[in-house]
Amino acid sequence: MLAMSNLSSSSSSSSSSSSSSDQPSSASGPVASTPITRAVLEIDEYASGLGWDQPARLFALVDTARLRSDEPELATQLGLDDGSTPAPLTPVEQDEIPAGTPLDEFLATIAWPGAVAGCAITVERLMLPPSAEASVPEDLDESALVDWVAKHPDRQEVRMTVAVLRDGTRDSALRLREKDSPTQVLTGAGLVPGLAEALAATFEA
C-alpha cells in the first residue's frame, strides 16, 4: 500500500508511503532479517511495480509504532490500524526530486524532523561489469564518463535502493533490469557506499 506525506524540510507538497504487514520470504526474494532490510525490499518492490525508466524517489522512514501513536489519523489512512502486524518502519515517499538537479546537490538541501527515523532513495543507473572497468579511459570528466558508459556494449541497467537510519545503520538492494525478479535482488549494507553516505549526511544538519 502506498500513501503520501511530506516530512522533509526541503519539500512542501504531498508525498507517498508504502506499508506491508507480510514479512518477505526467501521464496519470493531475499529474507528481510532486520527492519531496515524489510523497508529496503518493500521500496524495491514498490519501485518494481512502477516499471523502469523512472525518476529517483526519496522516502522518509518513520517508526510505525510512533506514527500510530502520534498521528492516528494518518496511520488509519495508511491501513496501519487494521489489526495486522505492521512493519517496524513505514516508508513515506517525498515530493518528486526536481528534474535536472544533481542528486548530491538535492540531498544537500534535505533536513529531517525528529520524527523521521531514517531515509531511503531509489534510483536507476548504468553500470559496467568488473570485467569492463579496466577499459574505462582515464581522462574523462563525469559527463563524458556517463556518455561512455551509456554507449558501452556491456552496460547494465540497475535500480539501486539505499536506506540509512539516524544511528548509522544502512542497507541497500540492487536489481538488474535484465534479471528483473524478486529472487534476483541483491542486498547488502555496503553495495552503494557513496549514496549511503550522502543519505547519512541529511541527518547531520
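Throughout, numbering of the chain's residues begins at 1 and tracks the sequence. The structure displayed is predicted, hence computed values, not measured ones.
- Applying the side chain to side chain donor-acceptor pair (under 3.5 Å) rule to T76 yields the partners D81; only residues at least two apart in sequence or on another chain are considered.
- Minimum heavy-atom separation, I43 to A120: CD1-CB, 3.6 Å.
- The minimum heavy-atom distance linking D63 with A65 is given by the pair OD1-N, 3.2 Å.
- Across W52 and D180, no two heavy atoms sit closer than the pair NE1-OD2, 2.7 Å.
- Taking CD from Q184 and CD from E178, the interatomic distance works out to 10.0 Å, rounded to the nearest 0.5 Å.
- Counting only heavy atoms from C-beta outward, the side chains of L61 and V92 never approach each other to under 4.5 Å.
- We find the OH-OG1 distance between Y46 and T122 to be 10.0 Å, quoted to the nearest 0.5 Å.
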Inset, instruction - Start with the C-alpha gap between R170 and L165, add the side-chain angles, then the distance that decides, and say whether side chain to side chain contact (heavy atoms under 4.5 Å, CB included) holds. - result: CA-CA 6 Å; R170 57 190 62 182; L165 300 184; over 6 Å; no

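- R68 contributes atom CZ, which lies 15.5 Å from atom CZ of R66 (distance to the nearest 0.5 angstrom).
- Residue pairs meeting the salt bridge (charged side-chain N to carboxylate O under 4.0 Å, His left out) criterion with at least one partner in residues 48-60, sequence neighbours excluded, are D53-R177, R57-E93.
- No side-chain heavy atom of M160 sits less than 4.5 Å from a side-chain heavy atom of S172.
- L58 places a side-chain heavy atom less than 4.5 Å from the side chain of F106.
- In this structure, W112 and T202 have side chains that are in contact, with non-hydrogen atoms separated by less than 4.5 Å.
- Using a 4.5 Å heavy-atom threshold, the side chains of I36 and L41 count as separate.
- Taking all atoms of both residues into account, the shortest heavy-atom contact from R38 to A87 is NE-CB, 3.5 Å.
- Distance alone, capped at 3.5 Å, is enough to place a donor-acceptor pair between the Q54 side chain and the L50 backbone.
- Only one option out of V185, D44, V192 pairs with L174 in a side-chain contact (heavy atoms from CB on, under 4.5 Å); it is V192.
- Listed by first then second residue, pairs satisfying salt bridge (charged side-chain N to carboxylate O under 4.0 Å, His left out) with a partner in residues 159-168 number zero, not counting sequence neighbours.
- Residues V158 and E124 form no side-chain contact, since every pair of their non-hydrogen atoms from C-beta on lies 4.5 Å or further apart.
- Both V164 and L186 are assigned to one and the same hydrophobic cluster, defined by single-linkage of ILVMFWY side chains at heavy-atom distances under 4.5 Å.
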Legend entry - Worked verdict on V116 versus F203 for side chain to side chain contact (heavy atoms under 4.5 Å, CB included): CA-CA 10 Å; V116 174; F203 291 104; 4.2 Å; yes

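- Between E42 and P91, the closest heavy-atom pair is OE2-CD, 3.7 Å.
- The two atoms that bring R175 and P182 nearest to each other are NH1-N, 3.9 Å, heavy atoms only.
- Looking only at side-chain heavy atoms (C-beta outward), I121 and L199 come within less than 4.5 Å of each other.
- Between D171 and T161, every side-chain heavy-atom pair lies at or beyond the 4.5 Å cut-off.
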